[in-house]
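Heads up: the structure comes next, in C-alpha cells.
The basis for the numbers below is simple: all heavy atoms, side chains too, and nothing from hydrogens, waters or symmetry mates. Each chain gets a letter, A, B and so on, in the order the sequences are listed, and its residues count up from 1.
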Amino acid sequence: MLAVRDLTVAFPPARGKGDATVALDRLTLEVSRGEFVAVLGPSGCGKSTLLRAWGGLLVERARVSGEIAVPRASDGTRATAWMPQRDGLLPWRRALSNAMVGAIAAGVPRERALPRARALLVEFGLGGFEDAWPHELSGGMRQRLALLRTCLTERPVLLLDEPFGALDPVTRRRMNAWLASVGLVSQDGERAVALVTHDVDEAITLADRIVVMSGRPGRIVHEVQAHGESRYDREALLASLDA
Amino acid sequence: MLAVRDLTVAFPPARGKGDATVALDRLTLEVSRGEFVAVLGPSGCGKSTLLRAWGGLLVERARVSGEIAVPRASDGTRATAWMPQRDGLLPWRRALSNAMVGAIAAGVPRERALPRARALLVEFGLGGFEDAWPHELSGGMRQRLALLRTCLTERPVLLLDEPFGALDPVTRRRMNAWLASVGLVSQDGERAVALVTHDVDEAITLADRIVVMSGRPGRIVHEVQAHGESRYDREALLASLDA
Amino acid sequence: MTPRTRAALVGGVTVAVLIAAWEAAVRMGDLPPFVLPAPSHVAATAVGSAPLLGPHVLTTATEAVLGLALGATVGWLLAVLTATIPTTGQVAQPVVLLSQTIPTVVLAPLMILWAGFGLTSKVVLVALTVFFPVLIASSAAIRDVDAEHADMVAGLGGTRRHQLWIVRLPASVPGALAGLRIAATYAVGAAVVSEYLAGASGIGVFIQRSRKAYAVDQIFVGIALIAILTAVLVLAIVALRRALTPWQPAHARL
Amino acid sequence: MTPRTRAALVGGVTVAVLIAAWEAAVRMGDLPPFVLPAPSHVAATAVGSAPLLGPHVLTTATEAVLGLALGATVGWLLAVLTATIPTTGQVAQPVVLLSQTIPTVVLAPLMILWAGFGLTSKVVLVALTVFFPVLIASSAAIRDVDAEHADMVAGLGGTRRHQLWIVRLPASVPGALAGLRIAATYAVGAAVVSEYLAGASGIGVFIQRSRKAYAVDQIFVGIALIAILTAVLVLAIVALRRALTPWQPAHARL
Amino acid sequence: TETDASADAGDALTPVTVVLDWTPNTNHNGLYLALENGWYEEAGLEVTVIEPGETSGLQLVATGQADVAYSVAEGLLPARAAGADVVSVATVIEHNTSSLLSLTEDGIERPRDLEGKRYGSYGSQLETAIISALVACDGGDPELVEHTPLVSDDFRIGLSEDQFDAAWVFDAWDTIRLGDVDGLDVSTLAFRDWFDCIPDWYTPLLATSAEAIAESPETVRAFVETTARGYAAAMEEPQAAADALLAAAPELDEELVRASSDWLATRYADSPETWGEQDPQVWDEFAGWLAAGAILEGDPDVEGAWTDEFLPGRP
Ligand SMILES: Nc1ncnc2c1ncn2[C@@H]1O[C@H](COP(=O)(O)OP(=O)(O)OP(=O)(O)O)[C@@H](O)[C@H]1O
Ligand SMILES: Nc1ncnc2c1ncn2[C@@H]1O[C@H](COP(=O)(O)OP(=O)(O)OP(=O)(O)O)[C@@H](O)[C@H]1O
Ligand SMILES: O=[N+]([O-])[O-]
Ligand SMILES: [Mg+2]
Ligand SMILES: [Mg+2]
C-alpha cells in the first residue's frame with residue numbers, strides 16, 4: 001500500500017548554477033498493510049527525503065521521477081501522518097495546543113482528541129507541561145510532543161523521522177514500548193509504520209522488517225525480515241551499515 | 001576549572017501564574033583541566049540547562065542560585081565554546097559561512113580559520129556542500145556543521161549538547177573517533193570537554209568520567225571514573241540510569 | 001524600577017527636555033513667534049481655547065480609530081487573500097499601488113462625490129492610508145513563514161486552508177502588528193488631512209481655521225493634539241501586541 | 001511561462017482592464033471631463049506636454065531616490081542603534097513620533113529656514129516620511145529575532161556586537177525590506193508634496209500649476225507619472241530583496 | 001542711471017528672492033514681464049522666484065529667507081500683530097477683485113439671495129465675517145446661509161455637482177476660467193459693488209521686511225521700481241505679459257492666461273503711472289474692520305504696515 005518504485009529525487013541548486021544533489025536513486029520499497037518497517041542508513045543518504053516523498057512534502061524544486069504510492073483515506077486525503085525530524089512545534093502555541101494541531105489538521109473532532117491529548121501528555125512524561133511554550137521545553141520533551149501530535153491525527157499510516165533521537169535510553173525504551181503497544185496493536189490490516197532511526201536496537205525491537213540504505217544517492221543495500229524470537233542478527237545489520 | 005557548586009536553576013512561568021519548573025537542584029560538579037566528562041540523564045532533567053549555565057546562556061527570567069565557575073581566556077572572555085542541542089544554523093548563511101561564525105565570534109583570524117573549515121567540512125563528510133543553504137542539508141549534516149562551527153572557535157573548553165544525536169551509528173563512530181583524536185589530544189592541561197549524550201557507548205568510548213543525573217530536578221545520582229582498559233561497567237551504568 | 005516604568009520615565013524626561021530646549025530656542029533665538037511660538041505660549045493658548053477643542057478632538061479621534069480599524073482589517077484580509085490565491089495578489093498590486101500614489105487632494109473630491117461629506121468619506125480616506133503598511137508587513141510575514149511549519153501541517157494531513165489558519169495567519173501576527181504600529185502613527189494625521197479637505201469639525205478644521213487666521217500658536221496646539229492622540233493610539237497597539245503575542249518575552253517599545 | 005512572466009502578465013492585463021473600465025465609465029457616464037477626464041484624453045495631453053515633463057520628472061525622481069536612500073539608511077541605523085542601546089530607543093521614541101505627526105505644511109517653513117529652498121529641504125522631507133516604516137519594520141524584525149540564534153553566537157564566545165552583526169542585522173533584512181517596500185511607495189508622493197511647499201520644478205509643481213489652471217487632464221498626467229515612478233521604485237526594491245535574500249525561495253511580488 | 005546700474009551689474013548683481021503667493025498666474029504678470037525683459041538685471045538685481053505652495057511667504061520674509069513676498073492684507077496685519085515686522089511696499093491690484101461665483105440658474109444676484117443657499121467655505125473667519133456682513137447689509141439673515149466645506153479648488157466640480165451654490169473666487173482667474181473658457185453659465189457678485197457694506201483691501205500686495213528696508217533701501221527701491229515698470233508694461237501690453245508668464249509656466253492654460261491678462265490690464269491700477277499706490281484709508285478701515293470683528297487680535301501698527309516710498313518717482 002505504501003510504496004515507491006524507481007524513485008529518483010534530485011535537488012537542483014537553489015538559485016544559481018552547480019551540480020544537483022541526487023538524494024535517492026531509483027529506490028524501490030514497499031510497506032505492506034500491517035507492516036512496521038524501519039529504515040537505517042548513513043546521514044544524508046535520503047531517508048528523510050523518502051519519508052517526505054510519502055508525506056507529499058517534496059520541495060517544488062526537486063526533480064522527481066518514478067512512482068510514489070500512498071494509501072488514501074475514505075475522503076481521498078492521504079492516510080499518512082508524518083513526523084518531521086526537527087519537531088516543527090509552533091512557537092505561538094502552548095504544548096497542549098501544539099499537540100492538538102495534529103487533530104485539527106486531520107479533522108479529528110476536538111471532543112475526542114482533547115482528552116486523548118491530555119492523557120498522552122501524561123503518558124509521555126509531559127504531565128504538568130500542558131501550558132508550557134515550546135521554548136520552555138527540553139529537546140527530548142519537544143520530540144515527544146511532536147510524536148504525540150502525530151498520533152492525535154489517528155491516521156493509520158505513520159511516517160516517523162527519527163522520533164526518539166533526542167531521548168535518553170530509558171525514556172527511549174519507554175516510548176518504544178508505547179509505540180509497539182499502540183502502533184500496530186490493532187493489526188487491522190489498515191495500519192503501517194515507516195520509521196527512520198539511527199538506533200539499531202530500536203529497529204530490532206520494533207520493526208517487522210529492516211531496510212538498510214547506502215550512502216547518497218540512497219539505494220537499498222540490505223533488507224531483513226524478523227525471524228521468530230531472536231528476530232534479527234544484530235552484527236550482520238551493523239556490518240551492512242558499515243559497508 | 002569548569003565547575004558548578006550548589007547550582008539551583010528554576011524557571012518561573014513565562015508571564016502568568018503557575019509553578020516554577022525547577023531544572024537543577026543544588027547541583028555540584030567539577031571538570032578538571034584536561035578532563036573529558038560525559039553527562040547522562042533522563043530527558044528534561046536539566047542537562048542542557050547545566051551546559052547553558054556554563055555557556056553564560058541562562059535566560060534572564062531564570063532564578064539561579066549557587067556558584068558557576070568558568071575558565072577565562074587571556075582577554076577575560078569565557079574560554080568555552082557551546083554547541084546547542086538544536087543546531088542554531090543561520091538560514092541566511094551557506095554551510096561554509098555558517099561554520100565560520102564560530103571563528104568570527106571567537107575572534108579567530110579568517111586566514112587561519114578558513115582553510116581549517118574547508119578541511120573539516122571534508123573530514124566531516126560535508127565535502128561538496130560548502131555552498132549549500134542550511135535548509136538543503138539533512139538533519140545529521142546540520143548537526144555535523146554545528147559541531148564544526150564550535151571547533152573553529154579554537155576555545156579550549158567545549159560544551160557539547162548531544163552533538164551526535166542525529167547521526168547513524170557509523171557516522172557517529174567516525175565523529176567519535178575524530179573528537180577523541182582532536183578533543184583532548186594535546187592534554188596541555190588547558191582543555192576540557194563536557195559532553196551531554198544519550199548514547200551510553202559514546203560516553204564510555206569518549207569520557208574520562210561519566211556523570212549520571214536524576215530526573216527533574218536534576219541531581220547527580222551516579223559518577224564513575226574510567227578504569228584502565230575495560231574502562232567502565234556498562235551494565236551498572238545502564239542500571240543507574242534506570243533508577 | 002521595572003523596565004516599563006524606566007521606559008516611561010526616560011520617554012517623559014525626553015519630552016520634557018525637548019520642550020525646554022524649544023522654549024529656550026525661542027527665547028534666546030530671535031525667531032518671531034509668528035514662525036515658532038514658545039511652548040509656554042502654546043500652552044496658554046491651549047488653555048484658552050480648551051472649550052473649543054473637545055468636539056474637534058472627538059471628531060478626529062473617531063475618524064482615526066474607525067479608519068484604523070477598517071484599514072487594518074482590510075489590509076490584513078487582503079494579505080491573507082493574496083497569500084491564499086496568488087493571482088489576486090497580481091491583480092491587486094497595481095490597484096494598491098495606485099491607491100497609494102493618487103494624491104489625497106485629487107482623490108478627496110471624487111471620494112466626496114461618492115460618499116458625501118460625512119464621517120464615511122473621512123474614515124475611508126484614513127483607511128486608505130492605513131491599510132497599506134498593514135498589507136505589506138502582513139504579506140511579508142505570511143510569505144516568509146517557516147517552511148518547516150507549513151510542511152508540518154501538510155504532513156499531518158492538513159490542507160492549504162489548515163496551513164493558512166494554523167501557520168500563516170498566526171505567523172503573520174507580529175508582522176501585521178508592526179504594520180499596524182506604522183499605520184497607527186499615520187492614522188490621526190490622515191484624519192487631519194481628510195478634514196483639511198472637507199470637514200466641519202475636527203483637529204484638521206481647527207488647524208486650517210487657525211492657519212487662515214494666521215494664528216500660529218493655535219496651529220501648534222493642533223499639532224500637540226495630533227501628537228497626543230497618536231501617542232495614545234500607538235500605546236494601544238503596543239498593548240495589543242503584548243496581548244496577542246504572549247509567547248514572546250516583553251520587549252522594547254519602539 | 002515562468003511565475004514571474006505570469007505575474008507581469010496578470011499585472012499588465014489588470015492595468016489594461018482598469019484603464020479600459022475608466023475610459024468606458026467616462027464615455028458612458030455623464031461625468032464632465034473636469035471631474036474625470038478619459039484616459040485617452042489624458043494620454044493625448046501627456047503626448048502634448050511631453051517636452052515640459054522631462055525636467056519635472058527628473059527633479060522629482062532625484063528627490064525621491066535620494067530621500068529614500070537617506071531615509072532608509074537613517075531608519076535602519078536607528079533601528080540598529082535602539083536595538084543595541086535600549087535607552088536610545090526610549091529617547092528616540094517621542095522624537096520619532098513627533099516627526100511623523102507634525103503636518104508637512106507646518107514643518108516646511110522651519111525646514112526651509114534651516115535647509116533653504118533647494119534640493120536639500122525636499123530630500124529631507126522625503127527622508128522624514130520614509131525612515132519611519134523602515135525603522136519600525138526593522139526594529140520589529142531585530143527584536144523578534146530567534147533567541148536560538150543569538151544564543152548560538154554568545155555561546156561561541158561572541159559579544160553583543162557579534163550578535164548584532166552576525167544575527168540581528170541579517171535577520172532584520174527581510175523586515176527592513178518590507179519597510180523599504182512601504183517606504184518606496186511613499187517616496188515619490190512625499191517628494192511631490194514637498195514640492196507643493198516650495199519648488200520651482202518637479203511633478204508637484206506641474207500638478208499644482210495644473211490645478212490652479214483648472215487643467216484636470218494635466219493633473220492626471222501628473223498622477224500617472226507619480227504612479228509610474230513609484231512602480232519603478234517598488235520594482236527596484238523587489239529586485240533588491242531578491243538579491244539580498246538569496247536563501248529564500250522566489251516569491252510573490254506584493 | 002539705468003546704464004550705470006547695468007554697468008555695475010556686470011559682476012555684482014544683488015540677489016533678490018521673491019516668494020509667490022501661489023502658483024504663477026496673471027497676478028504676477030508684471031514680475032514675469034520684467035524678468036523676461038531683463039529689467040531686473042538692468043537694475044542690478046538677480047531675481048529668483050519661489051513658488052511656495054502652502055508655505056507662508058511672510059514667514060520666509062520675516063526670517064530673512066526671502067526678500068519679497070506676494071501676500072495679502074489679511075495675512076500681513078496678523079503677522080505684524082504677532083511681531084513680524086513685515087511691510088507692504090506696493091499693492092499689486094488697486095481694488096479687491098474677489099467675487100462670489102454661482103451658477104446663473106441659482107439666481108444669486110445680490111447678497112441676500114444667499115439665504116437658504118450653501119456657501120463653499122475655505123474655513124476662515126474672514127470669510128464668515130464678510131459673507132455675514134454682505135448678507136446683513138443687504139437686509140438678509142446671515143444665519144440662513146449654510147457654510148459647507150470646499151473640497152476642491154476646482155469650482156466647476158463643486159458647482160456642477162451641487163456641492164455648494166456659491167464660492168469666493170478671484171474674477172481675474174476663476175470667473176474667466178469658468179465663464180469664458182469653459183462656457184459655463186455663471187454669475188458673479190463682485191465685492192467691489194458692495195464696498196458700502198464691506199471694506200476694500202489689498203490682495204495681493206508685495207511685502208518685504210522692515211529690516212530689509214533699513215539695511216538696503218536701495219535694493220528695495222530697485223526691486224519695487226522695476227516691478228512697477230513691469231506692471232506698467234503689462235497694463236499697456238497685456239499679451240506680452242501673457243507671453244512672459246506662459247514662458248515661465250508653460251503648464252498654464254493659454255486661453256485663460258490671455259483673457260485674464262486682458263481683464264487685469266485695466267485693473268492693476270488706475271493708470272500705469274500709479275501702479276502700486278496704497279491708500280491710508282483702505283488700510284485703516286480694513287484693519288479697523290478686522291479688529292471690530294475680533295478677527296485681528298493685537299496691534300498691527302497700521303501706520304508701519306505699508307509704505308509707498310519705494311514706488312517710482314518718490315523721493
Ligand atoms: N530541500 C533540499 N534542497 C536541496 N538538497 C536537499 C534538500 N533536502 C535534502 N537535500 C539533500 O538530499 C540529501 C538527502 O537528505 P535527507 O534529509 O533525505 O538525508 P537523511 O538520510 O534524512 O539524513 P540524516 O540522517 O542526516 O537526517 C542530502 O544530501 C541533502 O543535502
Ligand atoms: N527557557 C526555559 N523556560 C522554562 N523552562 C525551561 C526553559 N529551559 C528549560 N526549561 C525546563 O527545564 C527543564 C530541564 O530542561 P533541559 O533542557 O535542561 O533538559 P535536558 O536534560 O537537556 O533534556 P533533553 O535530554 O530532553 O534535552 C525542563 O523541564 C524544561 O521544561
Ligand atoms: O480664503 N481666501 O480668501 O482665499
Ligand atoms: Mg533525515
Ligand atoms: Mg537537552
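The residues A:Asp87 and B:Arg86 are annotated as salt-bridged, a charged nitrogen and a carboxylate oxygen being separated by less than 4.0 angstrom.
You'll find the side chain of B:Val200 reaches within 4.5 Å of the side chain of A:Pro169, heavy atoms only. Counting only heavy atoms from C-beta outward, the side chains of A:Pro42 and B:Val170 never approach each other to under 4.5 Å.
Contacts between A:Arg52 and chain B at a heavy-atom distance below 4.5 Å are absent for every atom of the residue. Neither the backbone nor the side chain of B:Ser48 has a heavy atom closer than 4.5 Å to any heavy atom of chain A. Contact annotation for B:Thr197: neither backbone nor side-chain heavy atoms come within less than 4.5 Å of a heavy atom of chain A. Neither the backbone nor the side chain of B:Arg174 comes within contact range of chain A; no heavy atoms are under 4.5 Å apart. Looking at B:Arg172, there are no atoms closer than 4.5 Å to chain A (heavy atoms on both sides), in backbone or side chain.
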Pair B:Arg61-A:Glu136, side-chain contact (heavy atoms from CB on, under 4.5 Å): steps then yes or no: CA-CA 11 Å; B:Arg61 285 173 28 239; A:Glu136 298 175 332; 3.7 Å; yes
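Of all non-hydrogen atoms in B:Leu238 and A:Arg173, the two that sit nearest each other are CD2-NH2, 4.4 Å.
Here the side chain of A:Asp168 pairs a donor or acceptor atom with the backbone of B:Ser43 at under 3.5 angstrom.
Taking chain B as the reference chain and counting heavy-atom pairs below 4.5 Å, the highest number among A:Gly41, A:Ala23, A:Ala166 is found for A:Ala166.
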